[in-house]
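What you are looking at is a predicted structure, and each value in this text was computed from that prediction instead of being measured.
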Amino acid sequence: MFTLPKLPYAYDALAPYVSEQIQQLHHDKHHKAYVDNLNKALEKYPEWQNKSIEEIITSLDKIPEDVRTIVRNNGGGHYNHSMFWENMTPKKGNGQTPSGTLLDKLQHTFGDYKTFQDQFGTSATKIFGSGWEWLVWDKGEVKLLSTPNQDSPLAQGMVPLLGLDVWEHAYYLQYYNVRADYIAAWWNIVNWDDVAKRLAAAMQ
């Protein structure tokens, strides 16, 4: 059975970029609902209950058909949010810009860090409705990917490195309908150390 992970920082730690109220609702209500719904869907399929969330996301075609959509949506929600919390940090000025191999990969694909930011932000802004914008590792290179709802790059054989939740529950209470302002603020709390670790693991 799956459990709701604790936030790696206090609810108010990401303020002023993400408010305490948003963090509490996002984690305690939305993420918890994904976990609860996933566990409920797998109640009658004990052979899946002890699988890792990564195994489940990459084996959706083998999930029993009567719960497959529920597992896709809520399993993806659980995986995506678990990563999302770790992709952010309250440590101002510590790892706040990419460096080393990660920066090299970004420069190789996008030319420079600013161009990467611009392309990521533009793509995230254009997502229609709810979804996620990703930096992923795919076939030996980094690239951008947009997914709808709670779909994960894992299901497409890619390794997610950095993900931005653009569901309205992630920002509406603070930024209202101006998604671009939320995205601009979010860059201040990206945990580039975490992204670099994910890249190093993916490259092994």
Side-chain angles (χ1 to χ4, degrees), residues 1-8 22-88 120 123-173 179 182-183 186 194-195 197-199 201-204:
M1 303 297 280
F2 295 95
T3 57
L4 179 68
K6 292 183 178 180
L7 285 177
I22 287 177
Q23 279 295 89
Q24 191 160 12
L25 289 170
H26 200 171
H27 177 268
D28 293 4
K29 301 297 183 182
H30 292 280
H31 191 171
K32 183 177 186 299
Y34 294 129
V35 173
D36 292 345
N37 290 336
L38 176 61
N39 286 331
K40 185 175 181 180
L42 296 178
E43 279 180 353
K44 58 181 178 178
Y45 298 106
E47 67 272 23
W48 287 97
Q49 293 175 8
N50 293 322
K51 301 283 188 182
S52 70
I53 191 61
E54 291 84 1
E55 288 177 294
I56 288 176
I57 296 298
T58 55
S59 305
L60 289 173
D61 58 332
K62 299 176 183 177
I63 298 289
E65 190 173 356
D66 63 320
V67 296
R68 187 176 301 158
T69 298
I70 297 173
V71 170
R72 175 182 177 178
N73 292 337
N74 292 280
H78 175 42
Y79 175 85
N80 293 347
H81 283 86
S82 296
M83 177 176 167
F84 185 54
W85 312 133
E86 296 177 355
N87 268 174
M88 298 184 291
F120 186 104
S123 185
T125 302
K126 290 181 177 179
I127 293 174
F128 181 76
S130 301
W132 292 73
E133 184 65 24
W134 303 95
L135 176 70
V136 300
W137 178 253
D138 181 42
K139 299 180 177 65
E141 62 180 9
V142 294
K143 69 179 189 181
L144 301 182
L145 177 73
S146 301
T147 59
N149 303 314
Q150 291 296 348
D151 287 358
S152 169
L154 284 178
Q156 300 183 40
M158 304 175 191
V159 180
L161 306 175
L162 175 68
L164 173 61
D165 186 348
V166 296
W167 283 61
E168 285 191 340
H169 65 235
Y171 63 90
Y172 198 88
L173 289 176
R179 183 186 289 177
Y182 159 62
I183 295 168
W186 176 76
D194 182 65
V195 181
K197 289 177 183 177
R198 294 176 188 276
L199 175 62
M203 291 177 64
Q204 290 182 351

Next item on the list: Dump the intermediate steps for side chain to side chain contact (heavy atoms under 4.5 Å, CB included) on His27 and Leu4, then the final yes or no.
Entry: CA-CA 9 Å; His27 177 268; Leu4 179 68; 3.5 Å; yes

Note to self: Quick check for you: to the nearest 0.5 Å, what is the distance between Ile53 atom CD1 and Tyr34 atom OH?
What the structure shows: 13.0 Å

Notebook entry, point to check: Within a strict 4.5 Å, meaning less than it, do heavy atoms of the Val35 and Thr3 side chains meet?
Noted result: no

Checklist line | Beyond-backbone contact of Asp138 with Val159, side-chain heavy atoms, under 4.5 angstrom | finding: no

Checklist line | Pair Glu86 + Arg198, salt bridge at N-O below 4.0 Å | finding: yes

Check: Just wondering, do Leu145 and Gln156 contact through their side chains at under 4.5 Å, heavy atoms?
Finding: yes

Item checked: For Arg179 against Ala124, the heavy-atom pair lying closest together -> NH1-O, 2.9 Å

Next item on the list: Determine whether Ile70 and Leu38 make a side-chain contact, defined as any pair of heavy atoms from C-beta on separated by less than 4.5 Å.
Entry: no

Item checked: Donor-acceptor side-chain pairing of Tyr79 and Glu54 below 3.5 angstrom -> no

Notebook entry, point to check: Given side chains that start at C-beta, do those of Gln23 and Asp28 come closer than 4.5 Å, heavy atoms only?
Noted result: no

Only pairs under 3.5 Å count here: list side-chain donor-acceptor contacts from residues 41-48, not counting sequence neighbours, and write none if there are none.
from, atom 1, to, atom 2, distance (Å)
Lys44, NZ, Asp66, OD2, 2.8
Tyr45, OH, Asp66, OD1, 2.7
Tyr45, OH, Asp66, OD2, 3.1

Item checked: Student check: side-chain heavy atoms of Trp85 and Pro8 closer than 4.5 Å -> yes

Notebook entry, point to check: What pair of heavy atoms forms the shortest contact from Ile63 to Val67, and how long is it?
Noted result: CG2-CG2, 3.9 Å

Note to self: Just so I know, are the side chains of Val142 and Val136 near enough to count as touching, which here means a heavy-atom distance under 4.5 Å?
What the structure shows: no

Margin query: Quick check for you: to the nearest 0.5 Å, what is the distance between Glu168 atom CD and Leu173 atom CG?
Written below: 10.0 Å

Notebook entry, point to check: Backbone N or O of Ile56 within a donor-acceptor pair of the Ser59 side chain at under 3.5 Å?
Noted result: no

Item checked: Ala155 backbone acceptor or donor facing Ser152 side chain under 3.5 Å -> no

Next item on the list: Taking the six-membered ring for Trp and the full ring for Phe, Tyr or His, determine whether the centres of Trp167 and His81 are under 6.0 Å apart.
Entry: no

Notebook entry, point to check: Which pairs count as salt bridge (charged side-chain N to carboxylate O under 4.0 Å, His left out) when at least one residue sits in residues 150-167, sequence neighbours excluded?
Noted result: Arg72-Asp151

Notebook entry, point to check: Do the non-hydrogen side-chain atoms of Trp132 and Val166 ever get within less than 4.5 Å of each other?
Noted result: no

Next item on the list: Return yes when atom CG of Asp61 has more than 12 non-hydrogen atoms of other residues, nucleotides or ligands closer than 6.0 Å, and no otherwise.
Entry: yes

Check: Between His78, His26, His169, which is the residue that forms a ring pair (Phe, Tyr, Trp, His ring centres under 6.0 Å) with His31?
Finding: His78

Notebook entry, point to check: About how many Å separate CG of Leu161 and CG of Leu135, when rounded to the nearest 0.5 Å?
Noted result: 5.0 Å

Check: Okay, side chain of Asn87, backbone of Gly163: is any donor-acceptor separation there less than 3.5 Å?
Finding: yes

Margin query: Under a plain distance cut-off of 3.5 Å, with no hydrogens placed, do Gln150 and Asn73 share a side-chain donor-acceptor pair?
Written below: no

Next item on the list: In sequence, state the C-alpha distance, the side-chain angles, and the governing distance for Trp137 and Met158, and then conclude on side chain to side chain contact (heavy atoms under 4.5 Å, CB included).
Entry: CA-CA 6 Å; Trp137 178 253; Met158 304 175 191; over 6 Å; no

Next item on the list: Supply the atom-to-atom distance Asp194 CG to Leu199 CG, rounded to the nearest 0.5 angstrom.
Entry: 11.5 Å

Note to self: If only side-chain N and O atoms count, and only distance matters, is there a donor-acceptor pair under 3.5 Å linking Trp134 with Thr147?
What the structure shows: yes

Notebook entry, point to check: Out of curiosity, Phe84 CZ to Leu162 CG, how far, rounded to the nearest 0.5 Å?
Noted result: 9.5 Å

Next item on the list: Only counting residues at least two apart or in another chain, list the ones meeting ring pair (Phe, Tyr, Trp, His ring centres under 6.0 Å) with Phe120.
Entry: Phe116, Trp186, Trp187

Next item on the list: Give the intermediate values and the outcome of salt bridge (charged side-chain N to carboxylate O under 4.0 Å, His left out) for residues Asp36 and Lys32.
Entry: CA-CA 6 Å; Asp36 292 345; Lys32 183 177 186 299; 2.7 Å; yes

Next item on the list: Could you grab the distance from atom CE of Met88 to atom CG of Leu7, nearest 0.5 Å is fine?
Entry: 8.0 Å

